[in-house]
Amino acid sequence: MKKIGVLTSGGDAPGMNAAIRSVVRSCIYFGVQPVAIHEGYKGLIENNLEEVNARSVANIINQGGTFLKSARCAEFRTPEGRAKAFEHAKAAGLDGLVVIGGDGSFTGAMLIEKEHGLPCVGVPGTIDNDIFGTDFTIGYDTALNTAVEAIDKIRDTATSHNRLFLIEVMGRDAGFIALNSGIAAGAEEILIPEEDHSVEKLMDCLENSSRAGKTSSIVVVSEGEKIGGVVELGRAVEESFPEYEVKVTVLGHIQRGGKPTCADRVLASRLGVAAVEKLLEGVSGVMVGIRDQKVVTTPLEEAISKHNAIDDVLLRVADIVTV
Ligand code: F6P
């Protein structure tokens, strides 16, 4: 391999810069020319490619976001879009491509490899931690810590006013951020999409909290929970608990920004090296991930189609510590 391209795609995640840096510097280390692709697959379609060197990625390991920018590209979902992208990859002399992103980005990588033979390796970068084949995705640890810090602050004011807060966190269809931030911030109840919840069950839980002498409560609600939205839930709770003042906070995109944590920087550095090594070994069509502290590969097809289950042990812990 003489040239390897790197792009970030889908929702940005803290640590993506560290992953790009690692890919670029691994290329240099192994004598390969790294090529940065701006704005994800859109940049490949629009021929927004640039040969870079080790210094191009200086001083970015500590920065959130992605300096290459990211995009969700509808055109790349079409065979015509992918053909156009491949023409530019071929013209630039790319022998391989590292795609840093989530499952939508990996679907694109899998298709361009299948249709045009461009070897691709995926690196899991999303705050949602919802990618099969890795214990952790890049950005998850940072997002989790951001959520916990925010919930801690809300707890200060909730306690001061005897209020009940419903706090929505991100995660799309996965409850990892909600469950873990909820446990870490001492939430009274945690609502995640992987479990069946109901307004009645939530009321029971809040009634128990009130009976146990709690004067304020925090409920962490994953954005993907199925009862019907945090605002509606807030209204329903308010009607049943006139003694509580109910407040709703949506943490939103604050969870996507900020300096990556040490764990995310190390993970990104490890996976960036592994992605380049795999391409050089002739392994492609896979995602590199981390399982039990070891780098592993998973076929992109499997990474896309399967899901990590929520840990039952954590669910039990969450139940026990809220008595
Ligand atoms: O996948 C990351 C994520 O932040 C999800 O948690 C969230 O549902 C979604 O992206 C938001 O997407 P956007 O930034 O396009 O609104």
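In what follows, residues are counted from 1 in the order of the sequence shown. Scope of the values below: all heavy atoms of this structure, side chains included, with no hydrogens, waters or symmetry mates.
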- Query: Just one of Ile127, Ile177, Asn129, Val169 clears the side chain to side chain contact (heavy atoms under 4.5 Å, CB included) bar with Leu144, so which one?
  - Reply: Ile177
- Item | Pair Asp12 + Arg256, salt bridge at N-O below 4.0 Å | yes
- How far does CE of Met110 sit from CD1 of Ile112, to the nearest 0.5 angstrom? 12.5 Å
- Message: Given 3.5 Å as the limit, does a donor-acceptor pair link the side chain of Asn17 with the main chain of Gly64, or not?
- Response: yes
- Hey, is Lys278 close enough to Glu281 for a salt bridge, meaning N to O under 4.0 Å? yes
- Distance-only, no hydrogens or angles: does the Lys90 side chain make a donor-acceptor pair with backbone N or O of Asp95 under 3.5 Å? no
- Taking every heavy atom of Met287 against every heavy atom of Ile131, the minimum-distance pair comes out as SD-CG2, 3.4 Å
- Message: So which atom in Ala185 and which in Ile151 form the shortest heavy-atom distance, rounded to 0.1 Å?
- Response: CB-CG2, 3.5 Å
- Item | Residue list, side-chain hydrogen bond (donor to acceptor under 3.5 Å, both in side chains) with Arg291, at least two apart or on another chain | Asp135, Asn308
- Is there a donor-acceptor pair under 3.5 Å between the side chain of Thr157 and the backbone N or O of Lys153? no
- Message: With rounding to the nearest 0.5 angstrom, report the OG1 to CG distance, Thr142 to Asp264.
- Response: 3.5 Å
- Note on the structure: Minimal heavy-atom distance between Leu118 and Ala89, with the atoms involved, is CD2-CB, 4.2 Å
- All heavy atoms of Gly10 vs all of Ser105, minimum pair found to be N-OG, 3.9 Å
- Message: Quick check: is Met16 connected to Val52 through a chain of hydrophobic side chains (ILVMFWY, heavy atoms under 4.5 Å apart)?
- Response: yes
- Salt bridge check: are Glu39 and Lys69 linked by an N-O gap of less than 4.0 Å? no
- Query: Below 4.0 angstrom, N of the basic side chain to O of the carboxylate: do Glu80 and Lys84 qualify?
  - Reply: no
- Item | Side-chain ion pair, Arg211 and Glu207, N-O less than 4.0 Å | yes
- Residues passing the ring pair (Phe, Tyr, Trp, His ring centres under 6.0 Å) test with Tyr29, sequence neighbours excluded, are none
- Task: Answer yes or no: are there more than 12 heavy-atom neighbours, outside Asp156 itself, under 6.0 Å from its atom CG?
- Result: yes
- Query: So which heavy atom on Glu189 is nearest to which on Cys205, and how close?
  - Reply: CB-SG, 3.7 Å
- Please check if the side chain of Arg21 supplies one atom and the backbone of Ile61 the other of a donor-acceptor pair under 3.5 Å. no
- Task: For the pair Glu50 (side chain) and Ala36 (backbone), establish whether a donor and an acceptor sit closer than 3.5 Å, ignoring hydrogens and angles.
- Result: no
- Message: Test your reading of the model: is there a side-chain donor-acceptor pair from Glu113 to the backbone of Cys120, 3.5 Å cut-off?
- Response: yes
- Note on the structure: Residues Gln63 and Asn59: closest non-hydrogen pair is NE2-O, 2.9 Å
- Query: Sequence neighbours excluded, which residues qualify as ring pair (Phe, Tyr, Trp, His ring centres under 6.0 Å) partners of His116?
  - Reply: Phe86
- Task: Sort and list the pairs that fulfil ring-ring contact (aromatic ring centres under 6.0 Å, His included) and have at least one residue in residues 33-72, not counting sequence neighbours.
- Result: Tyr41-Phe76
- Message: Closer than 4.0 angstrom, basic N to acidic O: yes or no for Lys42 and Glu75?
- Response: no
- Under the ring pair (Phe, Tyr, Trp, His ring centres under 6.0 Å) rule, collect the residues that match up with Phe176, sequence neighbours excluded. none
- Message: Given 3.5 Å as the limit, does a donor-acceptor pair link the side chain of Ser26 with the main chain of Ser22, or not?
- Response: yes
- So, are Lys114 and Glu301 salt-bridged, with charged N and O less than 4.0 Å apart? yes
- For Glu115, what residues pass the salt bridge (Lys or Arg N to Asp or Glu O under 4.0 Å) criterion, not counting sequence neighbours? Arg82
- Task: Examine distances only and state if a side-chain atom of Asp128 and a backbone atom of Asp130 form a donor-acceptor pair shorter than 3.5 Å.
- Result: no
- Message: Donor-acceptor pair, distance only, cut-off 3.5 Å: does the side chain of Thr134 make one with the backbone of Thr137?
- Response: no
